[in-house]
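Ligands are counted one by one from 1 in listed order, and the atoms in each one are counted from 1 as well. Atoms considered below: every heavy atom in the structure, side chains included; atoms not considered: hydrogens, waters and symmetry mates.
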Amino acid sequence: MQTDAGSVMIDREQIAQRIDALAGELRDVYGHGPDAKPITLIPVLTGAFMFTADLIRRLPGPLQVFPISISSYPGAATKARQARVREGLTDLPDDLSDRHVLVVDDILDTGQTLGLVHDLLSAKAPASLRICVLLRKDVPRVRDVEADFVAFDIPDEFVVGYGLDYDDYYRNLPEIIALPPGGAPA
Ligand code: XMP
């Protein structure tokens, strides 16, 4: 089941090269060396865990990580439902006013998830608030939310691997795989 999920859309080499370049884009914005702005990085679990791990290894400046958990695709469903905060922002500092917040998510799809996250964080008035996504799907957005940093633009196909799941399987695959129409093979 795991190895026959579908066809490789983005392979490991492409992922590694693009994340190198993306880290460079982030260093250009946040600075590097002694003048680097500290980043408060907020990964959206679970899908962003692998992307986050690879990205932050390429960001040597001051950086703190405060993961949050959002639920939008319960069970095996591949159709968007209402996004909701699963565990809240409990570990996040109350005062973000002097913090440069960078949200890291796996996919910008309809925008409901990142719209919710953006609402929650902008209410805390951080010094800056930016969004970085591994994938941006070419679909109409339900919520008007923009990503500031995008690793890959992809067509409207359901993808798994590299942290992304179908019914919580496939997150461990090192490539980004497009599932065949109709879902994963049994
Ligand atoms: P929205 O529609 O809120 O969706 O922008 C964002 C979240 O939905 C999940 N998602 C996917 N997960 N393959 C996945 O494994 C996909 O193709 C896919 N599209 C959306 C994901 O959790 C994302 O953060």
Problem set entry | Gln14 side-chain N/O to Asp11 backbone N/O, donor-acceptor pair under 3.5 Å | yes
Exercise. For Lys137, which of Asp105, Asp106, Asp109 qualifies under salt bridge (charged side-chain N to carboxylate O under 4.0 Å, His left out)?
Worked result: Asp109
Problem set entry | Sub-4.0 Å heavy-atom approach of Gly47 to ligand 1 | no
For this session: Work out whether the distance between some heavy atom of Leu114 and some atom of ligand 1 is less than 4.0 Å.
Result: no
Problem set entry | Geometric class of the Tyr166/Phe158 ring pair [parallel <30°, tilted 30-60°, perpendicular >60°] | perpendicular
Problem set entry | Close side-chain approach of Val117 and Ile68, heavy atoms under 4.5 Å | yes
For this session: Return yes if a side-chain donor-acceptor contact under 3.5 Å exists between Tyr162 and Asn172, otherwise no.
Result: no
For this session: Decide whether Arg99 and Gln64 meet the rule of one side-chain donor and one side-chain acceptor closer than 3.5 Å.
Result: yes
Problem set entry | Contact (N/O only, under 3.5 Å) between Val159 and ligand 1 | yes
Problem set entry | Within-cut-off N or O pair, Gly111 and ligand 1, under 3.5 Å | yes
Exercise. How would you list, by chain and number, every residue that makes a side-chain contact (heavy atoms from CB on, under 4.5 Å) with Asp153, sequence neighbours excluded?
Worked result: Arg136, Val150
Which of the atoms in ligand 1, numbered in the order shown and given with their element, are less than 4.0 Å from a heavy-atom of [X]?
X: Ile107; result: 6 (C), 11 (C), 13 (N), 16 (C), 17 (O), 18 (C), 19 (N), 23 (C), 24 (O)
X: Lys137; result: 16 (C), 17 (O), 18 (C), 19 (N)
X: Leu164; result: 12 (N), 14 (C), 15 (O)
X: Asp105; result: 24 (O)
X: Thr110; result: 1 (P), 2 (O), 3 (O), 5 (O)

Exercise. Who gets closest to atom 19 (N) of ligand 1 by heavy atom: Asp109, Leu135, Asp106?
Worked result: Asp109
